[in-house]
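Everything below concerns the one structure shown next.
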There are 2 protein chains.
Amino acid sequence: MSLPHAILTALLEKPSSGLELTRRFDKSIGYFWSATHQQIYRELGRLEEAGAIRALPRPDQPTRGQKKEYEVLPAGRDELAAWVGRIEDPKPIRDALLLRLRAAGVVGTQGLEAEVRRHLELHRAQLAEYRAIEERDFGDGRGSEGDRLRHLVLRAGIDLENFWLGWLEAARAELADMGTGAGMAADVRTGPEPAP
Amino acid sequence: MSLPHAILTALLEKPSSGLELTRRFDKSIGYFWSATHQQIYRELGRLEEAGAIRALPRPDQPTRGQKKEYEVLPAGRDELAAWVGRIEDPKPIRDALLLRLRAAGVVGTQGLEAEVRRHLELHRAQLAEYRAIEERDFGDGRGSEGDRLRHLVLRAGIDLENFWLGWLEAARAELADMGTGAGMAADVRTGPEPAP
DNA sequence: GTCGTCATGTAAGTGGTTACATGATTGC
DNA sequence: GCAATCATGTAACCACTTACATGACGAC
């Protein structure tokens with residue numbers, strides 16, 4: 001139940017049309033809550049239905065192909081403010097790469113080291129992107145309260161990428177060590193054991 | 001498309017029935033890929049259909065209420081081994097708490113500090129649980145290749161919890177600072193600005 | 001016999017993803 | 001005119017969640 005709140009936040013920061021929202025979700029907010037334009041249009045419809053937002057009045061009547069700007073109504077702002085302090089447990093981790101490491105413990109590490117190296121590169125790039133944003137938007141001293149909170153969120157992204165870089169590097173080293181070491185063959189067989 | 005692979009991994013580690021799998025998913029594998037029993041039964045059906053696993057033959061015919069053990073077939077093992085090295089990009093972060101921080105930058109931080117403290121406690125507890133498992137399962141020197149990989153995965157869990165503890169502590173401090181400082185009221189209004 | 005527990009399953013709803021459809025506007 | 005682009009939308013599908021149904025079995 002977070003997408004509507006993400007949209008409300010984005011619309012409060014700046015009233016926008018669906019496509020503009022989609023583009024803004026490709027950066028900033030989308031870095032930690034991504035959404036496609038289909039999701040966004042669907043959700044905009046629901047929010048309007050619920051009276052949380054409204055389309056800015058426009059002289060023309062056709063709907064398709066015509067730009068439609070939305071703004072947040074008081075009810076939407078209240079709902080968002082209430083959500084900020086609501087009790088909601090963190091979701092457990094859900095990461096396919098960790099699962100693959102675990103699977104590799106049973107069926108062998110074939111191809112995993114290359115994939116780990118690839119992820120290392122991707123995370124390095126993401127970290128660089130975050131750092132560039134930090135430089136650009138928060139380079140000088142602290143700004144408004146909103147700025148400080150947004151910076152805090154960006155720091156989470158940066159720290160997370162740093163965590164991944166550290167861990168992936170350790171994983172890479174361990175996999176490399178296994179590749180050259182002994183005792184691997186026993187884990188890599190794919191069929192039933194042949195008679196000795 | 002990771003749940004079937006999680007199940008294959010679990011079944012290779014030890015052939016089990018649906019409920020046993022569900023219980024095992026509440027620990028170990030479930031720590032980074034959780035699943036309910038409904039998901040697991042459905043997926044077991046699909047995997048059997050696809051010829052990746054089979055139910056161990058049993059003398060009786062009724063299906064409902066009767067325990068049914070599954071084991072992995074060569075096709076399933078091959079698929080899992082191929083998946084381990086497959087190219088698959090990491091999913092971007094999706095975290096509601098970060099979103100709430102961002103929203104707080106627009107509608108005010110009411111109730112957020114308490115929620116951050118609550119999350120701190122939850123992550124502390126999770127970290128303690130991971131550390132206990134590490135002590136119990138990997139306390140002495142390195143074991144088999146599988147053990148080393150499983151330990152690596154557990155380390156990711158531990159490091160992640162440590163990241164959260166550090167970041168949440170910083171967030172808590174920042175929020176506390178805002179609560180006592182000046183310049184907050186301007187961000188907390190919920191209606192249109194009153195005339196001065 | 002019925003109550004609690006183990007065990008497997010069905011059904012409905014929600015959120016996210018992928019593919020495609022269609023209208024408006026601008027440049028040429 | 002027509003191609004490219006902007007913009008909004010529909011449809012189908014899949015994964016996950018929540019609630020409920022039902023059969024088997026042992027304790028009492």
Side-chain angles (χ1 to χ4, degrees), chain A residues 1-8 11 15-26 29-30 32-50 53-56 58-70 83 88-96 99, chain B residues 1-8 11 15-26 29-30 32-50 53-56 58-70 83 88-96 99:
Chain A
M1 273 287 298
S2 293
L3 179 57
H5 301 107
I7 291 179
L8 287 173
L11 282 182
S16 309
S17 67
L19 239 220
E20 282 165 5
L21 275 179
T22 304
R23 287 202 229 287
R24 289 171 53 205
F25 265 74
D26 286 345
I29 288 192
F32 44 90
W33 204 280
S34 62
T36 63
H37 79 271
Q38 291 89 340
Q39 275 178 279
I40 287 172
Y41 284 123
R42 191 191 336 169
E43 207 59 47
L44 282 172
R46 287 178 193 168
L47 285 168
E48 189 176 20
E49 178 89 14
I53 64 175
R54 66 159 188 169
L56 292 181
R58 281 196 139 242
D60 34 18
Q61 59 264 44
T63 161
R64 206 154 190 153
Q66 195 62 256
K67 192 162 152 179
K68 207 158 75 174
E69 287 236 313
Y70 289 96
W83 178 68
E88 204 168 283
D89 285 349
K91 285 262 167 84
I93 317 164
R94 221 141 210 281
D95 188 276
L99 205 53
Chain B
M1 273 289 295
S2 292
L3 178 58
H5 301 106
I7 290 179
L8 287 174
L11 282 182
S16 309
S17 67
L19 242 220
E20 281 164 5
L21 275 180
T22 304
R23 287 201 227 289
R24 287 172 54 204
F25 265 73
D26 285 344
I29 289 192
F32 43 91
W33 203 279
S34 61
T36 62
H37 78 272
Q38 292 88 339
Q39 275 178 280
I40 288 171
Y41 284 123
R42 176 167 19 125
E43 207 59 50
L44 283 172
R46 287 180 193 166
L47 285 167
E48 189 176 19
E49 179 88 13
I53 62 175
R54 65 159 188 167
L56 292 181
R58 280 195 141 243
D60 34 18
Q61 60 264 42
T63 163
R64 206 155 190 153
Q66 197 60 257
K67 193 162 150 177
K68 207 157 80 177
E69 289 236 311
Y70 290 94
W83 179 68
E88 202 168 285
D89 284 349
K91 284 262 167 84
I93 317 166
R94 222 142 211 278
D95 188 277
L99 204 52

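The structure displayed is predicted, hence computed values, not measured ones. Sequence lines set the chain letters: A, B, ... in the order given, protein chains first and strands last, and positions in each chain run from 1.
We find that CG of A/Leu47 is positioned 14 Å from C1' of C/dG15, with the value rounded to whole Å. Atom NZ of A/Lys67 is separated from atom C1' of D/dG9 by 17 Å (rounded to the nearest Å). Computed from coordinates, the A/Tyr41 OH to C/dA21 C1' distance equals 14 Å when rounded to whole Å. Distance CD1 (B/Ile40) to P (C/dT10): 16 Å, rounded to an integer number of Å. Atom CD of B/Glu49 and atom P of C/dG9 are 13 Å apart (whole Å). Distance CG (B/Leu44) to P (C/dA7): 14 Å, rounded to an integer number of Å. Distance NE2 (A/His5) to C1' (C/dG15): 14 Å, rounded to an integer number of Å.
Which of C/dT18, C/dC6, D/dT17 sits closest to the side chain of B/Arg23 comes down to C/dC6. Nearest to the side-chain atoms of B/His37 among the listed nucleotides C/dA11, D/dC6, C/dT8 stands C/dT8. Residue B/Gln38 has its side chain nearest to C/dA11 when only C/dT18, C/dT8, C/dA11 are considered.
With sequence neighbours left out, the side-chain contact (heavy atoms from CB on, under 4.5 Å) criterion links B/Pro90 to A/His119, A/Leu122, A/His123. The side-chain contact (heavy atoms from CB on, under 4.5 Å) search around A/Glu88 returns A/Ser2, A/Trp83, B/Ala96, B/Arg100, B/Glu115, not counting sequence neighbours. Listed by chain and number, the residues in a side-chain contact (heavy atoms from CB on, under 4.5 Å) with A/Arg94 are B/Trp33, B/Ser34, B/Gln39 (sequence neighbours excluded). In terms of the side chain to side chain donor-acceptor pair (under 3.5 Å) criterion, residue partners of A/Arg54 (sequence neighbours excluded) are, by chain and number, A/Glu71. In this view, B/Ser16 and B/Arg24 satisfy the side chain to side chain donor-acceptor pair (under 3.5 Å) rule, not counting sequence neighbours.
Expressed to the nearest 0.5 Å, how far CG of B/Asp26 lies from CG of B/Leu21 amounts to 11.0 Å.
The side chain of B/Lys68 places an N or O atom within less than 4.0 Å of a non-bridging phosphate oxygen (OP1 or OP2) of C/dG9.
Nearest-nucleotide positions on DNA chain C place B/Leu19 closer to the 5' end than the other of B/Leu19 and A/Ala35.
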Under 3.5 Å between N/O atoms: give me all the protein pairs with nucleotides 12-15 of chain D, atom names plus distance.
from   : atom 1 : to      : atom 2 : distance (Å)
D/dA15 : OP2    : B/Arg46 : NH1    : 3.0

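Electrostatic pairing of B/Glu43 and B/Arg46 counts as a salt bridge here, judged by a charged N lying under 4.0 Å from a carboxylate O.
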